[in-house]
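Quick notes on the structure that follows.
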Protein chains: 2
Amino acid sequence: MVRPTVHDIARHAGVSLATVDRVLNARPGVRKQTVARVEEAIRAIGYVRDQGAANLARRRVYRFAFLLPDGQSRFVGTILSALEEARESQLTDRVMLEVCHVPVHDPHALAATLVALGAGKVDGVAVMAPESPQVRDAVARLRRGGTPVVALVADQPQSDRDHFVGIDNDAAGRTAARLMGRFLPPSGGPVLVVASSIRARDSLERRFGFDSLIGTEFPAVHCLPTLEAHDDPQRMAAILQNAFAARSDIVGVYSLSTGNGALIDALREKGRLARLVVIAHELTPLTRAALLAGELDAIITQNTGHLVRSAIRVLQARCDGREILASQERIRIEIILRENLP
Amino acid sequence: MVRPTVHDIARHAGVSLATVDRVLNARPGVRKQTVARVEEAIRAIGYVRDQGAANLARRRVYRFAFLLPDGQSRFVGTILSALEEARESQLTDRVMLEVCHVPVHDPHALAATLVALGAGKVDGVAVMAPESPQVRDAVARLRRGGTPVVALVADQPQSDRDHFVGIDNDAAGRTAARLMGRFLPPSGGPVLVVASSIRARDSLERRFGFDSLIGTEFPAVHCLPTLEAHDDPQRMAAILQNAFAARSDIVGVYSLSTGNGALIDALREKGRLARLVVIAHELTPLTRAALLAGELDAIITQNTGHLVRSAIRVLQARCDGREILASQERIRIEIILRENLP
DNA sequence: TTGTATGCGTTATCAT
DNA sequence: ATGATAACGCATACAA
């Protein structure tokens, strides 16, 4: 009925509490035979540690750092509010959250920040940054130093990060494609694909997923080459100007990364919104408003609250040497229409 | 830096630990003035109780009962697996989960089970059942007895349940309608609406939401009266037979409650699936397979893992007299296509 | 009405 | 190499 405790182990193995603790926490100074006896007892009575009591005795606090891109991205803004919200939750009773803003396109600065964090300054790191050799190496160094690292939103596939907290971007692109294909009339037509920068791995994956599904399932739809606005509103306006001048028969727009504000503004100005199917990523105050106004047809997104809570839970589990509950940490690709807006 | 403890309160207020504890837990036997002094101290130093330590000292265990409809519903099956999964999670370290299966259409049995649970047998109840006066009263009795109650999946709006864990079914119906309207060609046509029973409040709400959005936004689409199969495969086959005989121009099917197995089987038999837009509720092994097979175009669902974890967290918070984190407990209306299947 | 002392399950600091 | 014992933050039986 009641869970066995360290006392039960001690009694069962005929040793003292201190010895039990030593083997439980893999501390030295115990004879091999004794270790075996204790481990046997643990298995025999089915002991499982009360992590809460352990943290109490240890006065454990988890210091986690979130490395986020600087700049005024709306999406990062929603992550920041989610972090703020997590601070007030039960979840963060013993965790201290620190946010580091780092220049996105400076891999060296990124790596330096990561490495600096490694010197016992924090107990775990969540990093949202484009893939780069520098970051990969820094993550490896952190991990070797015993600091758990999770990749947030954008994976660091070749590094040995402990976990990726985010969605499958290929599948997200395919999801967008399915919606685009089905929202468009059967006659199809050319679809514009815009991105802030196609260099980012997640943009590439989304584009790839989008193209491949359109290609196989909606032959009447034709994907135009990716236009890159580099998060510059002026550039975005000019790019769209050119695109629509070149082809007046465009039927849809897929925006696969940030910069939705500029995109929507530009489209609105052209008075083209009503006749286009427009699909974008990430639910922010801006895309929410556009969806409500009927300027956006659908949003593909990931729940940022879930994102940060999951990162925290995973880091904590790694610190404790626990397993995670996979299904709880699986971030879902969400489709948001006006009707199911949270 | 470190959080203040009961000792700090005691020192600040010039009283003993026991007195602090008495006012913290609203126990009698403390002079009004003393209470005020302690409360002042609590505010002054910004004390917030360490719930983990409290539970440890108290050897607290939370016994929660989940009342679920009996029968072999696939949806209830996924809830059961979610409960099973929760049992292995960190979340249930101190919680014991009990499942009661009750006949859905016997309000008296339902109420009796609820009332029986009230006699200090459990610390909280999650109930998934159709609304009825009997259940409403039983919930009220439980609450008066100090047992927190949450309504699961189906709300008990007139009872004073502590919380509703589930989705807005009107919005879910509207979401289905938006998808139906946009997936159908502009020419529209008649759409079949099938339910196991239209008496259930959630079915009614979905139907209402579906109809109202179709009515205002997709005038070319025409919703036929709801067909009730009462979870009987034979009846479902017969009903569909009649419906298609009466109107050969049906373009879509909206299944707003259970019984998707029978529906899909019947449609497949008629060879009509390829030319219909079919939208159903709840992701189960069955609807998942149908979606993958292209027999279903979209699924509207709610994450059952989230559902049970949320119910547990909310009940626990109520037991502790804590507030919940609203955003974490908001169940989302999820749209699942083949591409974003979890 | 208020205070003292002990215990919850675990860790960690001393001794031995 | 091992054991006794005092914390951790909180609750509570028992005294006063």
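The number of heavy-atom neighbours closer than 6.0 Å to CZ of B:R141, taken from other residues, nucleotides and ligands shown, is 12 or below. Within 6.0 Å of the NE2 atom in A:H108, the count of heavy atoms belonging to other residues, nucleotides or ligands does not exceed 12.
At the phosphate of D:dT2, OP1 or OP2 sits under 4.0 Å from a side-chain N or O atom of A:T34.
Looking only at distances, no side-chain donor or acceptor of A:S159 sits under 3.5 Å from a matching main-chain atom of A:R136. The backbone N or O of B:V76 sits less than 3.5 Å from a side-chain atom of B:S73, completing a donor-acceptor pair.
Distance, B:R37 CZ to C:dG3 C1': 14 Å, rounded to whole Å. If you measure from atom CZ of A:R11 to atom C1' of D:dT2, you get 19 Å, rounded to the nearest angstrom.
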_One character per nucleotide, please: for nucleotides 4-11 of chain C, 5' to 3', B when the base has a protein heavy atom closer than 4.0 Å, S when only the sugar-phosphate does, - otherwise._
B--BBBBS
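Among the protein residues, B:V20 comes within range of no part of the nucleic acid, since none of its heavy atoms lies under 4.0 Å from any strand.
Cation-pi check for A:R60 over A:Y62 is met; the charged atom lies under 6.0 angstrom from the ring centroid and within 45 degrees of its normal.
Rounded to the nearest 0.5 angstrom, A:H306 NE2 and B:S327 OG are separated by 12.0 Å.
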